[in-house]
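This report concerns only the one structure given below.
Keep in mind that this is a model prediction, so the values were computed, not measured. Proteins come first, then strands; the chains are lettered A, B, ... in the order of their sequence lines, and each starts at number 1.
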Amino acid sequence: MTIINAQLTKFFTDGTTPEIAQRLLGCRIQYETPNGPLTGLIVETEAYVGPSDAAAHAFAGRRTKRNEALYDAPGTIYMFQSRQYVLLNFITQPVDVPEGILIRGVEPEQGIETMQANRGTSGASLTNGPGKLTQAFGMFMALNQTPLNVGALSLDLLPVRHPNQVASSAHIGVPNKGEWTSAPLRYFVASNPYVSKITKKTIDQAHHGWRA
DNA sequence: TAAGGGATAGGCT
DNA sequence: GCCTATCCCTTAT
């Protein structure tokens, strides 16, 4: 095992999945494309905490071809399709512990022109949702069950920016799951414009919610 | 700008 | 045949 993989394993097993989800805020993802690298900072995440979590794909131990990645090693990419979009997740915890983190929002850095072309729009709607950001980056299902930091998709394990404030809320778009619908397992950089469903009035235009 | 509904694709029973 | 870890457009305030 390489040193990079050892660091990756530690990052995705050190603490609970909700703790790791908060630690991801401000970390950079980088995706290599034929048009050059696309990068962005993670601003919104959701934790899914395994067989006991009625909102999670692994609820009650469900294990199918589709969600097999949940049972893979920490730092594995879990891609799945929802409607006509693909959604990006990182696997946490040791093999056979089916927990993971959904990436719901990213603040673009490099390659904004490519993202605009991929999305057919500009501004916050480029990447302020889980389906939007994968479309902006041009990610596809082939990434499923491949490890981070080996192929085209990489994650910086040290945060680039620090949130002024980490806010939390219930999952988005997961109704009818009892207490798990309202569980505060969504984390986001308060006042950042690339957070999904944020109200315009609360946006920090000057610093995007990052610490100076 | 907030809320509601339709489009749309695939997994699962 | 039903149910989504979504998005976008329309409608009303």
Side-chain angles (χ1 to χ4, degrees), chain A residues 12 16-18 20-22 24-25 29 40 42-72 76-93 97-106 108 115-145 153 167-188 191-205:
Chain A
F12 283 109
T16 66
T17 297
I20 300 165
Q22 293 170 68
L24 277 171
L25 300 175
I29 58 171
I42 296 171
V43 301
E44 179 180 355
T45 59
E46 274 182 8
Y48 288 87
V49 294
S52 65
D53 180 353
H57 289 165
F59 177 57
R62 178 185 297 282
R63 181 170 188 166
T64 67
K65 196 165 191 174
R66 179 198 189 206
N67 72 0
E68 181 64 28
L70 282 166
Y71 296 84
D72 284 347
T76 300
I77 297 163
Y78 173 32
M79 300 289 289
F80 70 91
Q81 192 165 357
S82 180
R83 306 296 201 282
Q84 63 269 54
Y85 296 90
V86 292
L87 276 56
L88 171 66
N89 305 254
F90 299 149
I91 298 310
T92 63
Q93 310 306 340
V97 180
E99 303 195 7
I101 296 167
L102 170 67
I103 308 302
R104 287 195 54 91
V106 164
M115 297 184 201
Q116 288 173 344
N118 287 344
R119 284 278 298 141
T121 185
S122 64
S125 64
L126 230 41
T127 52
N128 65 348
K132 298 179 191 181
L133 71 91
T134 57
Q135 188 175 60
F137 277 70
M139 295 171 182
F140 43 93
M141 277 303 295
L143 290 168
N144 189 43
Q145 289 194 274
L153 182 57
S168 70
S169 83
H171 291 304
I172 303 284
V174 192
N176 309 318
K177 304 295 185 192
E179 60 178 309
W180 291 99
T181 286
S182 54
L185 293 171
R186 169 180 176 241
Y187 306 96
F188 56 96
S191 306
N192 185 282
Y194 294 92
V195 170
S196 65
K197 315 261 184 193
I198 193 172
T199 56
K200 208 165 186 179
K201 192 127 189 165
T202 63
I203 291 176
D204 167 12
Q205 295 291 355

Review point. Taking only N and O in the side chain of A/Arg62, is any of them less than 4.0 Å away from OP1 or OP2 of B/dT13?
Key: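 Answer yes for this pair, as a side-chain N or O of A/Arg62 is under 4.0 Å from OP1 or OP2.
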Practice item. Establish, with yes or no, whether the OP1 or OP2 oxygen of B/dC12 is under 4.0 angstrom from a side-chain nitrogen or oxygen of A/Thr64. Key: yes
**Study point:** Atom pair CG/CZ of A/Leu153 and A/Phe90 - distance to nearest 0.5 Å
**Key:**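 That separation rounds to 5.5 Å.
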Using a heavy-atom cut-off of under 4.0 Å over every strand shown, decide if [X] touches base, sugar-phosphate, or nothing.
| X | result |
| --- | --- |
| A/Lys65 | nothing |
| A/Leu102 | base |
| A/Arg186 | nothing |
| A/Glu46 | nothing |
| A/Lys201 | nothing |
| A/Lys177 | sugar-phosphate |
| A/Arg66 | sugar-phosphate |

Check your understanding: Per the side chain to side chain contact (heavy atoms under 4.5 Å, CB included) rule, which among A/Leu185, A/Thr92, A/Asn89 passes with A/Ile101?
Key -> A/Thr92
Review point. For DNA chain C, what is the dot-bracket line, given that a base pair needs Watson-Crick (N1 to N3, plus N6-O4 or O6-N4) or G-U wobble (N1-O2 and O6-N3) geometry with both distances under 3.5 Å, and | means paired with another strand?
Key: ||||.|||||||.
Practice item. Look at the side chain of A/Thr199 and decide which nucleotide, out of B/dC12, B/dA7, B/dA2, has an atom nearest to it. Key: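 It is B/dA2.
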**Study point:** Stepwise side chain to side chain contact (heavy atoms under 4.5 Å, CB included) check, A/Leu70 with A/Tyr48
**Key:** CA-CA 10 Å; A/Leu70 282 166; A/Tyr48 288 87; over 6 Å; no
Check your understanding: Taking any atom under 4.0 angstrom from a heavy atom of chain A, which nucleotides of DNA chain C are the first and last to qualify, 5' to 3'?
Key ->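 Both ends considered, the range comes out as C/dT4 to C/dC8.
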Would you say the side-chain atoms of [X] pair up with the backbone N or O of [Y], donor to acceptor, closer than 3.5 Å?
| X | Y | value |
| --- | --- | --- |
| A/Asp72 | A/Gln145 | no |
| A/Thr127 | A/Val106 | yes |
| A/Thr17 | A/Val49 | no |

Practice item. Starting from the 5' end of DNA chain C, give me the residue, A/Ser125 or A/Leu88, whose nearest nucleotide shows up first. Key: A/Leu88
Check your understanding: Hey, which of these two, A/Ala56 or A/Thr121, hits DNA chain C nearer its 5' end, going by closest nucleotide?
Key ->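 So the residue in question is A/Ala56.
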